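The shown structure was predicted, so the numbers you read here are calculated from the model rather than taken from an experiment. Letters A, B, ... are given to chains in the order of the sequence lines, protein chains preceding strands, and every chain is numbered from 1.
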Amino acid sequence: DVKVTQSSRYLVKRTGEKVFLECVQDMDHENMFWYRQDPGLGLRLIYFSYDVKMKEKGDIPEGYSVSREKKERFSLILESASTNQTSMYLCASSDRSRVIRAQHFGDGTRLSIL
Amino acid sequence: GQNIDQPTEMTATEGAIVQINCTYQTSGFNGLFWYQQHAGEAPTFLSYNVLDGLEEKGRFSSFLSRSKGYSYLLLKELQMKDSASYLCAVRGRDSNYQLIWGAGTKLIIKP
């Protein structure tokens, strides 16, 4: 089974802090994604990466950056946290070589910015 | 613009059948996904349709009509554990990676 692990289930930070969210997958997937999930809205893509050191902006990249130095790890960085970044953050990975390329998700990090 | 619509919430009875609809308007089409998400948990992949017709997988089936921009997820013999949100997502023609997500349908199963 694919395992996508996010470093924290719950996180509380203060406005202005730099916040790091880590995600690791164990299936050698090329593609990795960061989403945020808010009530009443669909999953919104922040950034994705299709290879080591490669990144593409999603729909809502403002205020975020990412890092992918190793294939298995994809980090999301909130440069200067703000209260409107309070949300559930989900990491996902998918296998580029498969036809379906279903995304497999981690359990999420519920981030609160005070 | 690109849009996916699904009902916000549905209620059904244990043992019954429920159909969750999804309509989409996207720039191109390259597959439709259904995911299940229990409260506080990760979304898990249920089904994938890229051609018109019905795909059956145990108690769950998913149907696609590309000409109508329409899909549904059919759940039979409902169990209490089926209480969850069901997410519809579409991959557009021009993307190998990105999915466009609906807001999800919260399904409540009553005894």
Where do A/Glu79 and A/Lys18 land on the salt bridge (Lys or Arg N to Asp or Glu O under 4.0 Å) test, with the steps shown first? CA-CA 5 Å; A/Glu79 297 291 343; A/Lys18 192 169 187 176; 3.8 Å; yes
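Contacts of B/Gln6 with chain A are absent, with no heavy-atom separation under 4.5 Å from either backbone or side chain. Looking at A/Arg110, there are no atoms closer than 4.5 Å to chain B (heavy atoms on both sides), in backbone or side chain.
Of the listed residues (B/Pro43, B/Gly40, B/Gly104, B/Ala89), the one with the most heavy-atom contacts under 4.5 Å to chain A is B/Pro43. Note on A/Asp107, A/Leu90, A/Leu45: by heavy-atom pairs under 4.5 Å with chain B, the leading option is A/Asp107. With respect to chain A, the highest number of heavy-atom pairs below 4.5 Å among B/Cys88, B/Gly31, B/Gly102 belongs to B/Gly102.
No side-chain heavy atom of A/Met27 sits less than 4.5 Å from a side-chain heavy atom of A/Ser93.
A salt bridge does not link B/Glu14 to B/Lys110: none of the charged nitrogens lies less than 4.0 Å from a carboxylate oxygen.
Just one of B/Phe60, B/Tyr86, B/Trp101 meets the ring-ring contact (aromatic ring centres under 6.0 Å, His included) condition when paired with B/Tyr35; it is B/Trp101.
Taking CG of A/Leu43 as the start and CD of A/Gln37 as the end, the distance is 4.5 Å to the nearest 0.5 Å.
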